[in-house]
Amino acid sequence: MLRARNQAGRDHLGDEGVRLGDIVLRNRLVTSSSLLGYGVSNSALVPYGMSPISLFVPLAEFGAVTTRTLTVQPREGHFTTRDDWSLAELPGLLKRYGTVLRGTDGGWLNAFGWCNVGIDAYLRDYYPRTRDQRVIISLGGFSAEEFVTLVDRVNAAVPAGDIAAVEFNVSCHNVNFDFSTILQDVLDEAVPRSNHPVILKLSPDYDYLRNAQQAAKAGVSALTAINTVKALRLDPRTGTPWLANRYGGLSGRAIKPIGLRVVSELREAGVTLPIIATGGIRTADDCREYFWAGADAVSLGSATWLASYPGYALAPLRALRVRRVLKAVRRYTPLSGHSASSR
C-alpha cells in the first residue's frame with residue numbers, strides 16, 4: 001500500500017482532491033515541468049510538446065500538470081519555440097532534438113535552455129485550452145524583477161484558486177546562470193506578491209538544505225525535489241560534446257537514488273514543507289519508495305514520458321503502465337500516525 005507523511009494540513013479530501021498545505025491537487029501524482037509542454041498542443045505531430053505517450057493518458061486525471069518553464073519574453077534557448085511542425089519537416093525536427101536531448105546510461109541528457117513561447121502567449125493561447133486540467137505553472141527568470149513580472153502576469157490572468165500553484169524554477173543548469181546569486185531576492189520580492197501558492201524547485205547541485213530553509217522562511221508553500229543533475233557526455237572519438245550547450249541536465253532512472261537521498265535528507269534536516277518528489281519515477285514501487293523517504297506527492301518525468309524513437313511505437317502500452325500508476329496513487333490514503341522520518 002502506498003504510504004506518505006500524514007502531517008497536519010496534508011489530509012485526504014476524497015473526491016475533492018488532496019491538500020498539501022495550501023496547495024490543492026486532484027491526487028498525489030503530477031507531471032514534471034517541460035515533458036508535456038503546455039498541456040495542449042498545436043500539432044498532432046508533436047503532442048503536448050514532446051511525448052506521444054501522453055496521447056493515451058487522461059491528463060485531466062492527474063493531480064496537476066506542470067507546464068514548460070515560462071519566461072517574461074519568448075525564448076528560443078538551444079531549441080525552438082515552434083510546436084506546429086508538419087510531417088515534411090519531421091527530419092529537421094528530429095535533427096534539432098539530437099542537439100538538445102539524448103538518451104544515456106539509464107537516463108536522458110537535455111539542454112533545451114528554457115525554450116518557451118513566453119508567459120503572455122501561454123496565458124493567451126494555451127492556458128484557456130487546459131481548463132479541464134489542474135495546472136502548475138512553471139516560471140523562470142534571471143532576476144527578482146523578472147519573477148515579480150511573471151507573478152504579476154499570472155495574477156492578472158488567473159483568479160486565485162484556478163490553478164494549483166506556480167513553481168519557481170531557480171535551479172536549471174541549461175541556461176548557464178548562477179541562481180544562488182538571486183534566490184533570496186526572488187523569495188523576498190516575488191513570493192509575497194503571488195496570489196497562488198508557490199513551489200520552489202530544488203537542485204541537488206546547489207545547497208538544497210539551505211535553499212529549503214530559505215523557502216520556508218519566505219512563505220513558500222512546497223518544494224519540488226529534484227531538478228535535473230548537471231552532467232556531460234562526449235563523443236569518445238572526437239571529444240565533441242553531445243549537446244549544443246556542452247553540459248546538460250541528467251534525468252530519468254539514473255537519478256532516482258539521488259532524488260531519494262535529497263528527499264530523505266530534507267526530512268532529516270527538519271524541513272516540514274510538503275515535498276513533490278521527482279527523479280526516475282516510472283512504477284508504483286518507485287512512488288512507494290519516495291513516499292517512504294518523506295515525499296507528499298510524486299511527479300512523472302522523463303523516465304515515464306520519453307523513449308527511443310522506435311520505442312514510441314509502443315506508446316499505447318507504455319500509457320497503460322502510466323494509467324496503472326495513476327490508479328494506484330489515486331487509491332492511496334495516508335495512514336494516520338505514520339511519518340517518513342520515523343520509519
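Start at 1 with the first residue, then count along the sequence.
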Inset, instruction - Check whether Leu55 and Leu317 end up in the same hydrophobic cluster, where Ile, Leu, Val, Met, Phe, Trp and Tyr are linked by side-chain heavy atoms less than 4.5 Å apart. - result: no
Inset, instruction - Decide whether Tyr309 and Leu314 are clustered together by the hydrophobic rule: side chain heavy atoms of Ile, Leu, Val, Met, Phe, Trp, Tyr closer than 4.5 Å, transitively. - result: no
Legend entry - Thr66 side-chain N/O to Thr31 backbone N/O, donor-acceptor pair under 3.5 Å: yes
Legend entry - Donor-acceptor contact present, side-chain Ser171 to main-chain Lys201, <3.5 Å: yes
Inset, instruction - Run the numbers on Thr104 and Arg233 for side chain to side chain donor-acceptor pair (under 3.5 Å), then give the verdict. - result: CA-CA 8 Å; Thr104 177; Arg233 283 297 306 271; 2.7 Å; yes
Inset, instruction - Using a strict 4.0 Å threshold on nitrogen-to-oxygen distance, state whether Glu265 and Arg261 make a salt bridge. - result: yes
Legend entry - Ring-ring centroid check Phe79 Trp114, cutoff 6.0 Å: no
Inset, instruction - Ignoring hydrogens and angles, tell me if any N or O in the side chain of Arg19 forms a donor-acceptor pair with the backbone of Val24 under 3.5 Å. - result: no
Legend entry - Charged tip of Arg68 within 45° of Tyr38 ring normal and under 6.0 Å: yes
Inset, instruction - Examine Phe147 together with Phe168 and report whether their ring centres are nearer than 6.0 Å. - result: yes
Legend entry - Val158 backbone acceptor or donor facing Asp162 side chain under 3.5 Å: no
Legend entry - Backbone N/O of Val191 and side chain of Ser194: donor-acceptor pair under 3.5 Å: no
Legend entry - Gln73, CD: over 12 other non-hydrogen atoms inside 6.0 angstrom: no
Legend entry - Euclidean distance, Glu61 CD relative to Lys327 NZ, rounded to 0.5 Å: 11.5 Å
Legend entry - For Leu250 against Ala231, the heavy-atom pair lying closest together: CB-CB, 3.8 Å
Inset, instruction - Step by step, work out the side chain to side chain donor-acceptor pair (under 3.5 Å) result for Asp285 and Thr283. - result: CA-CA 5 Å; Asp285 281 348; Thr283 68; 5.0 Å; no
Legend entry - Geometric cation-pi criterion, Arg124 with Tyr122: 6.0 Å, 45°: no
Inset, instruction - Spell out, as yes or no, whether a donor-acceptor pair under 3.5 Å connects the side chain of Ser302 to the backbone of Gly252. - result: yes
Legend entry - Distance, nearest 0.5 Å, that separates OG of Ser180 from CD of Gln214: 9.5 Å
Inset, instruction - Please step through side-chain contact (heavy atoms from CB on, under 4.5 Å) for the pair Trp292 and Val263, ending with a clear verdict. - result: CA-CA 10 Å; Trp292 277 107; Val263 171; over 6 Å; no
Legend entry - Nearest non-hydrogen partners of His196 and Ala160, listed with the distance: CE1-CA, 3.7 Å
Legend entry - Distance, nearest 0.5 Å, that separates CG of Leu243 from CG of Leu109: 5.5 Å
Inset, instruction - Check the pair Leu234 / Trp242 against side-chain contact (heavy atoms from CB on, under 4.5 Å), numbers first and verdict last. - result: CA-CA 6 Å; Leu234 304 172; Trp242 274 15; 5.8 Å; no
Legend entry - Interatomic distance, Ser299 atom OG to Leu29 atom CG [nearest 0.5 angstrom]: 7.5 Å
Inset, instruction - Quick one: closest heavy-atom pair of Ala218 and Leu187, and the distance? - result: CB-CB, 3.7 Å
Legend entry - Heavy atoms of other groups near Arg129 CZ, more than 12 under 6.0 Å: yes
Legend entry - Heavy-atom side-chain contact between Asn176 and Asn245 under 4.5 Å: yes
Legend entry - Verify same cluster id: Val72, Tyr127 (apolar side-chain graph, 4.5 Å): yes
Legend entry - Test item: Ile136 and Val166 side chains (from C-beta on) under 4.5 Å apart, heavy atoms: no
Legend entry - is_close_aromatic(His173, Phe179), centroid dist under 6.0 Å: no
Inset, instruction - Answer whether the closest heavy-atom distance between the side chains of Thr71 and Glu146 falls below 4.5 Å. - result: no
Inset, instruction - May I have the step-by-step check of side-chain contact (heavy atoms from CB on, under 4.5 Å) for Glu167 and Thr67, ending in yes or no? - result: CA-CA 9 Å; Glu167 179 183 77; Thr67 69; over 6 Å; no
Inset, instruction - Please tell me if the side chains of Phe62 and Val57 come closer than 4.5 Å, counting only heavy atoms from C-beta onward. - result: yes
Legend entry - Sidechain N-carboxylate O distance under 4.0 Å for Arg26, Asp132: no
Inset, instruction - Output the distance between atom CG (Leu123) and atom CG (Leu70), rounded to the nearest 0.5 Å. - result: 7.5 Å
Legend entry - Val18: which of Asp296, Leu25, Ile23 passes side chain to side chain contact (heavy atoms under 4.5 Å, CB included): Leu25
Inset, instruction - Taking Arg134 for its side chain and Asn27 for its backbone only, find out whether a donor-acceptor pair lies under 3.5 Å. - result: no
Legend entry - Beyond-backbone contact of Ile53 with Tyr312, side-chain heavy atoms, under 4.5 angstrom: yes
Inset, instruction - Find out whether Cys287 and Val325 are in side-chain contact, i.e. whether some heavy atom of one side chain is under 4.5 Å from a heavy atom of the other. - result: yes
Legend entry - Pair Asn169, Thr69: side-chain N/O donor-acceptor within cut-off below 3.5 Å: yes
Legend entry - Minimum side-chain heavy-atom gap Ile137-Val154 below 4.5 Å: yes
Inset, instruction - Flag the pair Asp152 / Thr149 as yes when at least one side-chain heavy-atom distance between them is below 4.5 Å, and no otherwise. - result: no
Inset, instruction - Show your working on side-chain contact (heavy atoms from CB on, under 4.5 Å) between Tyr206 and Leu183 and close with a plain yes or no. - result: CA-CA 11 Å; Tyr206 291 108; Leu183 177 59; over 6 Å; no
Inset, instruction - Can you measure from OG (Ser34) to CG (Asn110) and round to the nearest 0.5 angstrom? - result: 7.5 Å
Inset, instruction - Report whether Leu150 and Val148 are members of the same hydrophobic cluster (ILVMFWY, side-chain heavy atoms less than 4.5 Å apart, transitive linking). - result: no
Inset, instruction - Give the minimum heavy-atom separation between Ile276 and Leu20, together with the two atoms involved. - result: CG1-CD1, 4.4 Å
Legend entry - Test item: Tyr290 side-chain N/O and Ile281 main-chain N/O as donor-acceptor pair under 3.5 Å: no
Inset, instruction - Flag the pair Glu289 and Lys256 as a salt bridge only when some basic side-chain nitrogen lies within less than 4.0 angstrom of an acidic carboxylate oxygen. - result: yes
Legend entry - Hydrophobic cluster identity match, Tyr247 and Phe177, side-chain contacts under 4.5 Å: no
Legend entry - Closest contact, heavy atoms only, Ala225 versus Ile275: CB-CG2, 4.2 Å
Inset, instruction - Work out which heavy atom in Leu36 is nearest to a heavy atom in Ser51; give both atom names and the distance. - result: CD2-CB, 4.3 Å
Legend entry - Under 3.5 Å donor-acceptor, Asn155 side chain and Arg193 backbone: yes
Legend entry - Main-chain N/O of Pro197 paired with Ser221 side-chain donor or acceptor, under 3.5 Å: no
